[in-house]
Amino acid sequence: MNELSGHPAPEARVSGREAGLRTQREPGSFRDRNGSVFYRDGAIFRSLSPEALANWQRLRGTQFLAGRMAGGSIVETRDGDAAVAPDAAGVLEHARIPFVSYPYEWTFGMLQDAALLHLDLMRDALASDMILKDATPYNIQWQGVHPVFIDIPSFEPLGRGQPWVGYRQFCELFLYPLMLQAYRGLDFRPWLRGRIDGIPAEDMQRLMSTRDLLRPGVLLHVAAQSALQRRYEGGTKDVRGSLAEAGFDKALIVNNVTKLRALVAKLKPGRDKTQWSDYDRSHSYDAADLEQKAAFVRRAAATRDWRLAWDLGCNTGTFSRIVAEHAGQVVSMDADWMAIEHLYQREKAGAGSRRLLPLVVNLADASPNQGWRGAERKGLAERGRPDLTLCLALVHHVVITANIPLADFIGWLASLGTAVVIEFVGRDDEMVQALLANREDQYDDYHPENFRALLAERFDIRAEEPLKGGRRQIYFAEPRQAAG
């Protein structure tokens with residue numbers, strides 16, 4: 001996987017020569033020795049080996065590439081300045097992805113659409129006698145709600161008798177997670193977050209019941225795959241060579257891809273309602289209060305254009321859409337996957353925004369730095385710090401539900417260097433009373449006076465306004481500049 005966010009990690013190693021050129025290697029792209037990503041002066045480049053350069057030149061001559069780039073489903077790529085990597089056989093320059101995300105932050109529908117894009121690109125490539133050697137969702141990023149394939153060196157010529165070597169990877173990282181939620185009603189995200197290479201066929205088979213063997217695709221893609229892997233794991237037999245000798249045909253790959261696409265397209269998530277999935281209908285605001293809150297957010301958002309905004313605890317994205325009118329990119333995050341699924345599907349069915357990226361994120365347990373040396377996958381802030389952050393009807397959940405001290409939360413926001421639109425929900429509000437009903441009240445820090453003092457200590461408060469008859473208070477605050 002290669003990250004194309006244009007926000008190089010601060011821990012990336014920079015050689016003396018590179019430092020003079022302001023060049024940084026992307027620590028997450030080391031797995032592809034033929035096409036590693038680096039950043040220079042804010043632009044995104046990829047160095048190519050001789051083999052990767054030859055593959056790119058062939059790919060560039062195919063009929064599908066230009067159309068896919070124009071439509072946005074393959075990242076816009078062109079030949080780069082060879083001087084930025086003089087030791088490489090070739091250089092590519094890629095368009096920037098506004099914010100990198102990972103499949104364990106996606107909804108079911110997002111992973112499904114990413115899988116369908118991968119299979120469609122496989123069919124395109126096969127029609128031009130090429131193939132995708134990798135089949136990982138980490139090769140797909142998002143422009144808003146539009147999936148974008150980013151790993152250009154993954155395309156290579158299809159050799160005689162060559163099988164689809166990415167099939168196993170497709171199953172472990174795309175198909176099995178989707179089946180897990182569709183057939184067993186289990187959230188796939190912890191499985192993908194817990195193992196960077198996905199769900200092994202053997203583990204997936206253990207998770208399936210005898211009845212599940214009758215479900216579409218399980219017998220062929222799970223049970224048979226597990227049996228084959230046990231048979232050939234650790235063996236010395238040249239499986240690829242044997243397939244070539246047996247006359248393995250491209251039509252077999254096309255047939256497999258076509259059937260997989262039909263299978264993936266029919267899968268549906270096992271659960272259809274979660275705590276906040278109907279938030280638009282069940283929130284505690286009446287129409288007048290909701291419009292007052294929206295107007296406050298609109299005025300704050302309109303104070304300037306924001307490069308990157310976060311909406312933490314976004315629910316189904318009502319306020320994300322307001323901020324998107326004044327932001328280059330809004331990352332809308334909520335722990336409730338179905339609320340985010342509703343947001344994703346609504347955006348797809350509507351304008352199809354390229355400015356609003358929905359992600360499933362539990363702020364109290366957000367995606368960490370992980371992978372090799374903790375740099376292969378990055379935490380939220382390392383992928384791009386926001387200029388504006390919405391925290392609406394969120395603070396009481398952070399303090400009371402997640403048991404995070406109020407001062408810690410405000411301090412974390414301040415460390416981002418972000419402006420905030422933040423709402424304090426008072427103890428006399430029914431939402432807070434519901435949270436406190438069945439737990440010991442040990443939240444001495446959760447009071448409006450303390451909240452405002454903590455906010456004013458780290459931020460300059462530009463505007464504030466009572467909501468719901470004074471039971472809530474909303475603030476717009478900007479980061480306090482350090483003295484000197």
Specify the closest pair of heavy atoms between [X] and [Y], including all atoms of both residues, with the distance to one decimal.
| X | Y | answer |
| --- | --- | --- |
| Ala95 | Val75 | O-CG2, 3.6 Å |
| Pro177 | Glu172 | CD-O, 3.6 Å |
| Trp106 | Pro137 | CH2-O, 3.4 Å |
| Ser101 | Gln141 | N-OE1, 2.8 Å |
| Leu416 | Ala381 | CD2-CB, 3.9 Å |
| Val425 | Ala393 | CG2-CA, 4.2 Å |

Would you please indicate if the ring centroids of [X] and [Y] are separated by under 6.0 Å?
| X | Y | result |
| --- | --- | --- |
| Tyr344 | Trp142 | yes |
| Phe64 | Phe155 | yes |
| Tyr446 | Phe424 | yes |
| Phe459 | Tyr475 | no |

Between [atom1] on residue [X] and [atom2] on residue [Y], distance to nearest 0.5 Å:
| X | Y | atom1 | atom2 | result |
| --- | --- | --- | --- | --- |
| Leu413 | Leu454 | CG | CG | 11.5 Å |
| Asp120 | Ser73 | CG | OG | 8.5 Å |
| Ser367 | Leu192 | OG | CG | 11.0 Å |
| Gln442 | Ile400 | CD | CD1 | 10.5 Å |
| Phe45 | His94 | CZ | NE2 | 10.0 Å |
| Asp124 | Ile74 | CG | CD1 | 7.5 Å |

Legend entry - Stepwise side-chain contact (heavy atoms from CB on, under 4.5 Å) test for Val420 and Leu390: CA-CA 6 Å; Val420 294; Leu390 303 189; over 6 Å; no
Between [Y] and [X], is the closest basic N to carboxylate O distance under 4.0 Å?
| X | Y | value |
| --- | --- | --- |
| Glu26 | Lys378 | yes |
| Glu464 | Arg452 | yes |
| Asp428 | Lys468 | no |
| Lys133 | Asp151 | no |
| Asp113 | Lys348 | yes |
| Glu105 | Arg193 | no |

Is it the case that the side chain of [X] and the backbone of [Y] share a donor-acceptor pair, with hydrogens and angles ignored and the cut-off at 3.5 Å?
| X | Y | result |
| --- | --- | --- |
| Asn34 | Ala52 | no |
| Glu376 | Pro27 | no |
| Arg383 | Val100 | yes |
| Thr62 | Leu59 | yes |
| Asp387 | Trp306 | no |
| Gln169 | Ala135 | yes |
| Asp334 | Asn315 | yes |
| Thr303 | Ala300 | yes |
| Thr418 | Thr389 | yes |
| Arg195 | Gly198 | yes |

Legend entry - Ring geometry between His118 and Phe149 (parallel below 30°, tilted from 30 to 60°, perpendicular above 60°):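 Geometry flag for His118 against Phe149: tilted rings.
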Inset, instruction - Test the Arg377-Tyr138 pair against the cation-pi criterion, namely NZ or CZ under 6.0 angstrom from the six-membered ring centroid and within 45° of the ring axis. - result: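 Arg377 over Tyr138 ring: yes.
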Minimum side-chain heavy-atom gap [X]-[Y] below 4.5 Å:
| X | Y | value |
| --- | --- | --- |
| Ile196 | Tyr104 | no |
| Glu93 | Ile44 | no |
| Phe170 | Leu175 | yes |
| Ile199 | Leu180 | yes |
| Val331 | Asp311 | no |
| Ile422 | Leu455 | yes |
| Leu380 | Met333 | yes |
| His396 | Leu435 | yes |

A quick test of your reading: do over 12 heavy atoms of other residues, nucleotides or ligands sit less than 6.0 Å from [atom1] of [X]?
| X | atom1 | result |
| --- | --- | --- |
| Trp191 | CH2 | no |
| Gln433 | CD | yes |
| Trp412 | CH2 | yes |

Legend entry - side-chain contact (heavy atoms from CB on, under 4.5 Å) between Leu308 and Arg385, intermediate numbers included: CA-CA 7 Å; Leu308 176 65; Arg385 294 175 183 264; over 6 Å; no
Inset, instruction - Give the intermediate values and the outcome of side-chain contact (heavy atoms from CB on, under 4.5 Å) for residues Phe38 and Gln24. - result: CA-CA 5 Å; Phe38 62 95; Gln24 289 181 303; over 6 Å; no
Legend entry - Glu423/Lys293 under side-chain contact (heavy atoms from CB on, under 4.5 Å): CA gap, chis, key distance, verdict: CA-CA 10 Å; Glu423 179 181 15; Lys293 181 175 175 178; 2.8 Å; yes
Legend entry - Contacts of Arg304 that satisfy salt bridge (charged side-chain N to carboxylate O under 4.0 Å, His left out) - sequence neighbours left out: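 None.
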Legend entry - Polar contact flag, side-chain donor to acceptor under 3.5 angstrom, Asp79-Trp56: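 Side-chain D/A pair, Asp79 to Trp56: present.
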Legend entry - Between Glu465 and Gln292: side-chain donor-acceptor atoms closer than 3.5 Å: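 Looking only at side-chain atoms, Gln292 and Glu465 do form a donor-acceptor pair, the distance falling under 3.5 Å.
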